[in-house]
Undergrad: 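Encoded as structure tokens, here's the structure I'll be asking about.
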Amino acid sequence: QKEVEQNSGPLSVPEGAIASLNCTYSDRGSQSFFWYRQYSGKSPELIMFIYSNGDKEDGRFTAQLNKASQYVSLLIRDSQPSDSATYLCAVNSYYTGGFKTIFGAGTRLFVKA
Amino acid sequence: SAVISQKPSRDICQRGTSLTIQCQVDSQVTMMFWYRQQPGQSLTLIATANQGSEATYESGFVIDKFPISRPNLTFSTLTVSNMSPEDSSIYLCSVEEALSRSQVPNEQFFGPGTRLTVL
């Protein structure tokens with residue numbers, strides 16, 4: 001069973017700080033990696049994707065991928081109260097018949113004003 | 001990006017009854033996915049629905065309990081049959097779209113979800 005593991009949190013950071021969210025995955029053949037944000041009572045929405053080792057920056061968000069360690073992270077700089085949500089790590093892996101996206105359980109983030 | 005609607009948005013049902021959830025997409029898509037998200041849990045894939053063929057179910061989910069229809073490229077239904085309180089959950093449909101012309105990787109878009117409570 002291919003797995004995606006996240007610390008469920010909650011992770012609490014003060015406004016303006018850096019929030020660091022981590023994710024590990026079990027399938028070494030995984031191809032693509034995603035971070036989704038889910039506000040309470042809402043559907044998940046994609047905020048970042050990465051498929052090459054290293055860092056990828058988009059505004060206040062940086063995704064980091066280390067395939068050798070099977071580790072992907074999301075950094076949120078200058079955290080805002082509006083960033084308070086659950087962040088889902090998702091990994092796209094190959095199964096018989098095609099690719100499938102597996103979601104982690106999510107990390108709840110609270111940004112305190 | 002795909003826009004997805006679901007009906008109903010929420011329902012409260014009695015044990016032993018069935019509920020059919022509808023999912024409508026504003027564009028034609030090859031594959032549609034049905035997920036379940038129980039309180040405080042992540043998304044669990046129930047099945048993948050391709051137009052014109054039988055749905056592919058994940059381990060732990062069976063067609064008799066969760067029959068799926070996919071009559072065309074913009075619509076699908078999921079039925080939760082013979083419900084029990086353990087079926088209380090949010091049910092989400094989703095579709096994939098390529099993030100770029102290179103097709104790698106695909107982004108998933110989710111519908112607003114159907115919140116089901118079984119008494």
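Quick caveat, the model's predicted, so the values are computed rather than measured. Proteins get letters first, then strands, A, B, ... in listed order; numbering begins at 1 in each.
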Undergrad: Between Glu58(B) and chain A, with a heavy-atom cut-off of 4.5 Å, which part of the residue counts as in contact: side chain, backbone, both or neither?
TA: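 For Glu58(B), the side chain is the part near chain A, not the backbone.
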Undergrad: At a heavy-atom separation under 4.5 Å, does Glu45(A) approach chain B through its side chain, its backbone, both, or neither?
TA: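 For Glu45(A), neither part sits under 4.5 Å from chain B.
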Undergrad: Under 6.0 Å between ring centres, would you say that holds for Tyr71(A) and Tyr25(A)?
TA: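 Not under 6.0 Å, so no.
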Undergrad: Check whether Tyr57(B) forms a cation-pi arrangement with Lys65(B) (NZ or CZ under 6.0 Å from the six-membered ring centre, at most 45° off the ring normal).
TA: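 Not flagged: Lys65(B) not positioned over aromatic ring of Tyr57(B).
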Undergrad: May I ask you to check whether over 12 heavy atoms, not counting those of Glu54(B), lie within 6.0 Å of atom CD?
TA: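 No - once you tally the heavy atoms of other residues, nucleotides and ligands closer than 6.0 Å, there are 12 at most.
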Undergrad: Would you name the heavy atoms of Thr74(B) and Ser27(B) that are closest together and state the gap between them?
TA: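 Closest approach of Thr74(B) to Ser27(B), heavy atoms only: CG2-O, 3.6 Å.
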Undergrad: Checking heavy atoms, do the side chain of Leu43(B), its backbone, both or neither come under 4.5 Å from chain A?
TA: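 It is both, since atoms from each part get that close.
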Undergrad: If you count heavy-atom pairs under 4.5 Å with chain A, which of Arg115(B), Met31(B), Gln37(B) comes out on top?
TA: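 The residue among Arg115(B), Met31(B), Gln37(B) with the greatest pair count is Gln37(B).
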Undergrad: Pick from Gly106(A), Ala105(A), Ala90(A): which one has the most heavy-atom pairs with chain B under 4.5 Å?
TA: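 Top option by heavy-atom pairs under 4.5 Å: Ala105(A).
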Undergrad: By a 4.5 Å heavy-atom criterion (distance strictly below it), what part of Tyr35(B) contacts chain A: side chain, backbone, both, or neither?
TA: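 Side chain only.
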Undergrad: Is it the case that the side chains of Thr79(B) and Thr20(B) hold a donor-acceptor pair, with the cut-off being a distance below 3.5 Å and no angle test?
TA: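 Note: Thr20(B) and Thr79(B) side chains meet the donor-acceptor criterion.
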